[in-house]
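Notes to accompany the following structure.
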Amino acid sequence: MLKRLLPALVLPLVLFGAHPASAAVKAPEIIQRAIDGFVRPAYASLHQHAETLTRSMRNLCAAPSQKELDAARAAFSATVDAWSVAEIIGFGPIKENNRLERMLYWPDRKSIGLKQVQAALAGKDPTATDPVQLAGKSVAMQGLGALEFVLHGDGAETLAGKDDPYRCAYGAAVAGNIETIAADVSDAWNKPDGFAALWANPGPQNALYRDGTEAVTELVGVFINELEMVRDVRLKGFFGGSPETDKPKQAIYWRSENTTPSLAGNLSGMDALFQASRLGDALPPDARWMAESIHIQLVNGAADATAIKGPIGKALADPAQRQKLDHFSLVTSSLTTLIGTRLTAEFGLTAGFSSLDGD
């Protein structure tokens with residue numbers, strides 16, 4: 001089975017000093033608010049959208065038409081939006097059973113996944129149309145990237161007619177697999193004795209979080225790691241210093257025009273998580289301004305990405321759109337400094353290495 005090309009983003013933080021203890025002491029409340037106010041609703045929303053996506057794909061297969069194809073594509077985009085919010089919580093249940101890679105195999109720099117999807121479509125492998133059997137195949141064949149190619153890649157127009165029932169059947173199986181993953185993760189977060197209980201109840205007997213510092217570290221790490229991923233992997237993967245160095249076909253979801261909506265979703269998710277956890281309340285009174293600044297910058301960054309419309313290739317050719325991308329990059333860099341340096345300093349957390357920089 002293929003391994004995920006992007007290494008897991010790990011940014012250890014170590015607690016030093018005194019006044020940050022407020023965050024560590026309040027860890028159970030902070031983490032419980034994050035779980036109840038963001039994590040559970042985000043994965044429940046993903047599950048709901050994935051169910052709609054599966055129904056839409058089945059409707060398309062049962063009665064092929066342009067109307068049903070448009071509906072399936074709209075359901076796909078809505079599922080991408082929901083995933084873009086939820087995916088910032090890339091630890092816990094989503095990491096079990098290769099769920100993260102099965103949900104989204106990206107980046108695919110050598111087009112390994114693309115070739116496997118194309119081979120399945122060309123060979124009409126019957127086992128790939130069964131969600132159960134598909135779940136045991138390569139991670140690249142069973143997630144959002146695979147379904148995007150089915151709905152928007154070469155030959156997708158045949159879905160509106162009856163000439164290629166296999167393509168639709170495979171797409172429906174992929175959608176069913178996405179739904180199953182979303183349901184399993186949502187259920188796991190809702191188990192009273194599951195991962196959520198471990199994260200919200202740190203202690204000496206806890207196998208994962210021995211104290212409040214480790215629990216808060218996990219939360220703060222979400223913001224630091226995800227900002228780095230969004231800027232250095234997803235944005236810089238296609239946005240060069242000049243139009244000549246752009247790589248629009250390296251952009252995530254470029255076929256379905258969901259590149260910038262997904263970036264907006266990532267930042268919106270971070271803002272929702274920050275607000276739900278009320279992490280800023282643990283800051284000393286003279287540092288509370290950071291919480292409002294973080295909120296404003298996350299909202300502004302999401303607005304920049306949302307304002308970019310149409311195919312990413314055309315957006316890159318438009319100076320006004322490029323300016324939005326430039327500002328998005330600046331905002332994420334500013335947030336990295338604000339959260340990764342200043343907020344962690346207030347909490348007495350010292351940032352360690354990031355797997356993205358090769359350390």
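Keep in mind the model is a prediction, meaning the values are calculated, not measured.
At least one donor-acceptor pair closer than 3.5 Å links the side chain of T336 to the backbone N or O of T332. Not one N or O on the side chain of T129 forms a donor-acceptor pair closer than 3.5 Å with the backbone of D125. A donor-acceptor pair under 3.5 Å is absent between the side-chain atoms of R102 and the main chain of Q142, judged by distance alone. D164 places no side-chain N or O within donor-acceptor distance of the main-chain N or O of T158, the cut-off being under 3.5 Å. Put simply, the side chain of S329 never gets that close to the backbone of D326: no donor and acceptor are under 3.5 Å apart. Between the N258 side chain and the D81 main chain, no donor and acceptor come within less than 3.5 Å of each other. Judged by distance alone, with hydrogens and angles left aside, the side-chain atoms of S45 form no donor-acceptor pair with the main-chain N or O of A42 at under 3.5 Å. A distance-only check finds a donor-acceptor pair linking the side chain of R73 to the backbone of L151 [under 3.5 Å]. Remark: side-chain polar atoms of S77 are not paired, donor with acceptor, to backbone N or O of A74 under 3.5 angstrom. In this structure, N206 contributes its side chain and L198 its backbone to a donor-acceptor pair below 3.5 Å.
Checking each of L227, N225, L273, V230 against I88 for a side-chain contact (heavy atoms from CB on, under 4.5 Å) leaves exactly one that passes, namely L273.
Considering every non-hydrogen atom in both K162 and P64, the closest pair reads CG-CG, 4.0 Å. Minimum heavy-atom separation, V25 to P28: O-CD, 3.6 Å. Nearest heavy atom pair, residue P311 against residue E257, reads CG-OE2, 3.4 Å. When every heavy atom of S333 is checked against every heavy atom of R231, the shortest pair comes out as OG-CD, 3.3 Å. In this structure, P248 and L316 approach most closely via the heavy-atom pair CB-CD1, 3.9 Å. For the pair D108 and G113, the tightest heavy-atom approach, listed with the atom from each and the gap, is OD2-N, 2.8 Å.
Salt bridge E87/R234: present, at least one basic N to carboxylate O contact under 4.0 Å. Between D281 and K26 there is no salt bridge, since none of the side-chain N atoms of the basic residue sits less than 4.0 Å from a carboxylate O of the acidic one. Between E96 and R99 there is a salt bridge, since a side-chain N of the basic residue sits under 4.0 Å from a carboxylate O of the acidic one. Salt bridge annotation for K191-D187: absent, with no cationic side-chain nitrogen under 4.0 angstrom from a carboxylate oxygen.
I31 places none of its side-chain heavy atoms less than 4.5 Å from the side chain of Y209. Looking at H49 and L53, their side chains never come closer than 4.5 Å, going by heavy atoms from C-beta outward. Under the 4.5 Å side-chain criterion, counting only non-hydrogen atoms from C-beta, I252 is in contact with L104. Looking at heavy atoms from C-beta onward, V150 lies in side-chain contact with L159 at the 4.5 angstrom threshold. Side-chain contact between E148 and W254 is absent, with no heavy-atom pair separated by less than 4.5 Å. Two residues are said to be in side-chain contact when any heavy atoms from C-beta on lie closer than 4.5 Å; L219 and W199 meet this criterion. Using a 4.5 Å cut-off on side-chain heavy atoms (C-beta onward), T245 and F239 make no contact. Side-chain contact between Y170 and L134: present, with at least one pair of heavy atoms (C-beta onward) separated by less than 4.5 Å.
Between R210 atom CZ and L208 atom CG the span is 10.5 Å, to the nearest 0.5 Å. One finds the CG atom of L114 at 12.0 Å from the CE atom of M141 (value rounded to the nearest 0.5 Å). With rounding to the nearest 0.5 Å, the separation of CZ in R255 from NZ in K249 is 8.0 Å. Between atom OG of residue S186 and atom NE2 of residue H47 there is a gap of 7.0 Å, rounded to the nearest 0.5 Å. A distance of 10.5 Å separates CD1 of I308 from CD of Q323, quoted to the nearest 0.5 Å. The structure places OG1 of T306 at 9.5 Å from CZ of F328, a figure rounded to the nearest 0.5 Å.
Side-chain N/O atoms of T127 and K137 include a donor and acceptor closer than 3.5 Å. Under the 3.5 Å distance criterion, with hydrogens and angles disregarded, no donor-acceptor pair is assigned to the side chains of N266 and S84. In the model, S334 has a side-chain atom that pairs as donor or acceptor with a side-chain atom of Q297 under 3.5 Å. With 3.5 Å as the limit, one finds no donor-acceptor pair spanning the side chains of Q48 and T52. When only modelled atom types and interatomic distance are considered, N59 and E68 share no side-chain donor-acceptor pair under 3.5 Å.
No continuous path of ILVMFWY side-chain contacts below 4.5 Å connects L330 to L325, so the two sit in separate hydrophobic clusters. Transitive grouping of hydrophobic side chains (ILVMFWY, heavy atoms separated by less than 4.5 Å) brings W289 and V331 into a common cluster. V299 and L335 are members of different hydrophobic clusters when ILVMFWY side chains are connected at heavy-atom separations under 4.5 Å.
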Show your working on side-chain contact (heavy atoms from CB on, under 4.5 Å) between I294 and F223 and close with a plain yes or no.
CA-CA 10 Å; I294 288 168; F223 302 104; over 6 Å; no
Under the side-chain contact (heavy atoms from CB on, under 4.5 Å) criterion, do T79 and L147 qualify, and how do the steps go?
CA-CA 11 Å; T79 303; L147 187 52; over 6 Å; no
Determine, step by step, whether L338 and S293 satisfy the side-chain contact (heavy atoms from CB on, under 4.5 Å) criterion, reporting the C-alpha distance in whole Å, the side-chain angles of both residues, the deciding distance to 0.1 Å, and the verdict.
CA-CA 9 Å; L338 187 56; S293 182; 3.5 Å; yes
May I have the step-by-step check of side-chain contact (heavy atoms from CB on, under 4.5 Å) for M270 and L267, ending in yes or no?
CA-CA 5 Å; M270 284 184 244; L267 264 60; 3.8 Å; yes
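Other residues, nucleotides and ligands contribute only 12 or fewer heavy atoms inside 6.0 Å of the CG atom of D154. When the shell of 6.0 Å around CZ of R40 is examined, it contains more than 12 heavy atoms from other residues, nucleotides or ligands.
Aromatic ring orientation, Y253 versus F76: perpendicular (interplanar angle above 60°, classes split at 30° and 60°).
Contacts classified as salt bridge (charged side-chain N to carboxylate O under 4.0 Å, His left out) and involving residues 288-306 (residues at least two apart or in different chains) are not found.
Applying the side chain to side chain contact (heavy atoms under 4.5 Å, CB included) rule to T54 yields the partners R58, A175, E179; only residues at least two apart in sequence or on another chain are considered.
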